[in-house]
Visitor: 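Before we start, here is the structure in question, set down as structure tokens.
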Amino acid sequence: MKTIYSAIQPSGIMTLGNYIGAVNNWRTMQSDGDNKCIFALADLHTITVRQQPEQFNKNCWSFYALLLAVGLDPKKSIVYLQSHVKEHCELAWLLNCYTYVGEMNRMTQFKDKSAKHADNINMGLMDYPVLMAADILLYDTDLVPVGYDQLQHIEITRDIALRINNIYGDIFKVPDGFIPKVGAKIMSLQDPTSKMSKSDTNPNAVISCLDTPDVIMKKFKRAVTDSDTTIAYDPQNKAGISNLLGILAVAQGKTIEETLKDCEGFRYGDLKVRVGESVIEMLRPFQEEYNRLIEAKDYLTACAKEGAEKAREIAENTLKRFKEALGYIL
Ligand code: TRP
């Protein structure tokens with residue numbers, strides 16, 4: 001049995017990229033009976049960038065409902081809010097004392113975010129990877145499905161775990177990161193050489209998984225392609241068309257080859273409409289479930305509470321093991 005752990009931040013919008021590349025893959029892993037799955041809303045990570053409290057609160061509800069709407073099952077998996085399990089902060093502190101400032105300074109995401117939020121380079125932003133390491137290590141995680149941009153954080157998690165194990169013996173399981181194959185790279189619709197990002201400021205670049213059918217269609221129709229006319233899968237030279245083909249393949253549950261065959265004789269405009277229709281269909285049941293859940297606050301609260309209790313039980317044990325090794329009086 002493998003323990004799988006991942007998390008998403010309740011910030012911005014959940015994009016089609018998050019849906020296809022992350023949370024929908026989590027659902028698939030949950031269905032594999034041999035996996036023990038733990039999924040969190042990384043709401044402590046979110047305040048490394050300044051949040052407006054009312055909007056933040058709304059986002060937390062919304063993202064939690066989104067996780068359940070995708071089909072993460074609070075009975076089968078643990079689906080919880082990071083801030084509900086205090087062990088995350090406590091372990092992060094302890095791990096801090098085994099992490100070097102130089103290491104954190106070199107993190108790509110820290111450098112990017114420091115440039116982007118130059119007026120708020122807070123300690124939390126720098127410490128972000130250590131909190132993430134705490135998330136992962138608390139649950140004796142085997143596998144962490146993430147996007148490419150998070151692989152460096154998994155590497156540092158492994159380094160910290162190994163460093164501590166070398167001093168104190170077998171304290172932490174050393175996790176592996178992996179990139180799920182399906183939808184690993186859903187690109188911006190306006191700049192198909194960069195990833196579809198939840199913080200993109202151009203709304204046409206990003207599909208929210210809660211966009212209405214009209215809006216979804218409009219955005220696909222405006223997607224940037226190229227001045228050629230042939231539909232071919234070639235991410236290097238035809239990034240826009242390849243992105244559309246990739247999305248269409250996932251939305252239809254087909255391979256790229258099958259999808260290319262479906263599109264024989266299509267012009268670019270036909271492809272865009274086909275992608276739009278398929279994505280709208282893919283998201284329809286999920287959006288209906290979301291609309292139901294977001295009104296059911298009592299149910300969401302109960303699920304979050306149950307998730308946190310189950311998570312805490314595991315987290316407490318791991319933390320105790322480490323503190324004991326460090327010499328703390330328990
Ligand atoms: N940093 C991750 C992201 O933004 C979210 C995250 C927080 C996470 N804690 C995690 C992912 C633990 C995997 C495991 O995508």
Side-chain angles (χ1 to χ4, degrees), residues 2-26 29-30 35-49 51 56 59-60 63-64 66-67 72 77-85 87-89 91-92 95 99 104 107-113 116-117 124-161 172-180 183-186 195-200 307-308 311 314-315 318:
K2 296 264 186 231
T3 299
I4 293 175
Y5 187 98
S6 200
I8 186 168
Q9 286 196 51
S11 62
I13 51 172
M14 190 185 280
T15 69
L16 182 66
N18 298 137
Y19 179 89
I20 294 176
V23 294
N24 198 46
N25 283 319
W26 299 357
M29 292 171 216
Q30 164 189 263
N35 292 333
K36 171 173 172 183
C37 293
I38 308 172
F39 302 116
L41 267 198
D43 56 351
L44 295 169
H45 279 102
T46 305
I47 62 160
T48 54
V49 173
Q51 302 292 313
F56 177 55
N59 285 345
C60 290
F63 271 79
Y64 192 72
L66 284 165
L67 293 185
L72 300 184
S77 303
I78 301 178
V79 190
Y80 74 106
L81 279 71
Q82 184 188 33
S83 65
H84 287 180
V85 181
E87 282 73 9
H88 289 251
C89 288
L91 181 60
L95 298 181
T99 307
M104 294 298 100
M107 292 283 116
T108 308
Q109 191 175 72
F110 174 61
K111 288 193 276 190
D112 290 350
K113 287 197 178 173
K116 209 166 143 197
H117 305 280
L125 195 63
M126 190 175 199
D127 207 27
Y128 182 113
V130 177
L131 180 59
M132 187 163 155
D135 299 343
I136 297 166
L137 297 178
L138 274 176
Y139 298 94
D140 291 329
T141 302
D142 293 287
L143 290 173
V144 190
V146 284
Y148 288 100
D149 62 327
Q150 296 298 313
L151 278 182
Q152 197 181 32
H153 293 159
I154 307 294
E155 268 317 300
I156 201 73
T157 300
R158 292 170 55 87
D159 291 347
I160 296 169
F172 294 119
K173 174 161 280 176
V174 182
D176 285 305
F178 82 99
I179 314 260
K185 276 221 150 167
I186 304 293
K195 188 179 120 170
M196 185 181 282
S197 158
K198 60 200 336 224
S199 52
D200 201 313
I314 306 171
T318 314

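Counting starts at 1 for both ligands and their atoms, following the listed order.
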Visitor: What is the nearest protein non-hydrogen atom to atom 8 (C) of ligand 1, stated with its residue, atom name and distance?
Guide: A7 CB, 3.6 Å

Visitor: Just checking, any donor-acceptor pair under 3.5 angstrom between side chains of N18 and T15?
Guide: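 There is such a pair (donor and acceptor under 3.5 Å, judged by atom type) between the side chains of N18 and T15.
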
Visitor: Can the ring centroids of H153 and F110 be said to lie less than 6.0 angstrom from one another?
Guide: no

Visitor: In the protein, which heavy atom is nearest to atom 4 (O) of ligand 1, and how far is it?
Guide: Y128 OH, 3.1 Å

Visitor: What is the distance from atom CG of D149 to atom CD1 of I179, rounded to the nearest 0.5 Å?
Guide: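 Going from the CG atom of D149 to the CD1 atom of I179 covers 8.5 Å.
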
Visitor: Do L44 and C89 come close enough that some side-chain heavy atom pair is under 4.5 Å?
Guide: yes

Visitor: Residue-level breakdown please: for D149 versus ligand 1, do any non-hydrogen atoms fall below 4.0 Å on the side chain, on the backbone, on both, or on neither?
Guide: neither

Visitor: Under 3.5 Å, N or O to N or O, is Q150 touching ligand 1 that way?
Guide: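 For ligand 1, there is an N or O atom that lies under 3.5 Å from one belonging to Q150.
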
Visitor: Considering only heavy atoms from C-beta outward, does the side chain of L41 approach that of I8 to under 4.5 Å?
Guide: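 The answer is yes, as the side chains (C-beta and beyond) meet within the 4.5 Å cut-off.
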
Visitor: With side chains defined as the heavy atoms from C-beta onward, is the minimum distance between L137 and T157 less than 4.5 Å?
Guide: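 SC-SC contact between L137 and T157 confirmed.
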
Visitor: For L131, is there any backbone N or O sitting under 3.5 Å from a side-chain donor or acceptor partner on H88?
Guide: no

Visitor: Below 4.0 Å, non-hydrogen atoms only: which portion of H45 touches ligand 1? Side chain, backbone, both or neither.
Guide: side chain

Visitor: Considering only heavy atoms of S6, which atoms of ligand 1 have at least one such atom less than 4.0 Å away?
Guide: 13 (C)

Visitor: Just so I know, are the side chains of W26 and L67 near enough to count as touching, which here means a heavy-atom distance under 4.5 Å?
Guide: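 Side chain of W26 against side chain of L67, heavy atoms only: contact under 4.5 Å found.
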
Visitor: Give the atom numbers and elements of ligand 1 that come within less than 4.0 Å of a heavy atom of Q9.
Guide: 4 (O)

Visitor: Need the ligand 1 atom indices (1-based, order shown) with element for anything under 4.0 Å from a heavy-atom of A42.
Guide: 7 (C)

Visitor: For atom 9 (N) of ligand 1, which protein heavy atom lies nearest, and how many Å away is it?
Guide: D135 OD2, 2.7 Å

Visitor: Considering only heavy atoms of V146, which atoms of ligand 1 have at least one such atom less than 4.0 Å away?
Guide: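 Those atoms are 13 (C).
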
Visitor: Taking atom 14 (C) of ligand 1 as the point of reference, which of L137, V144, I154, T157 owns the nearest heavy atom?
Guide: V144

Visitor: For ligand 1, which part of H153 has a heavy atom less than 4.0 Å away: the side chain, the backbone, both, or neither?
Guide: neither

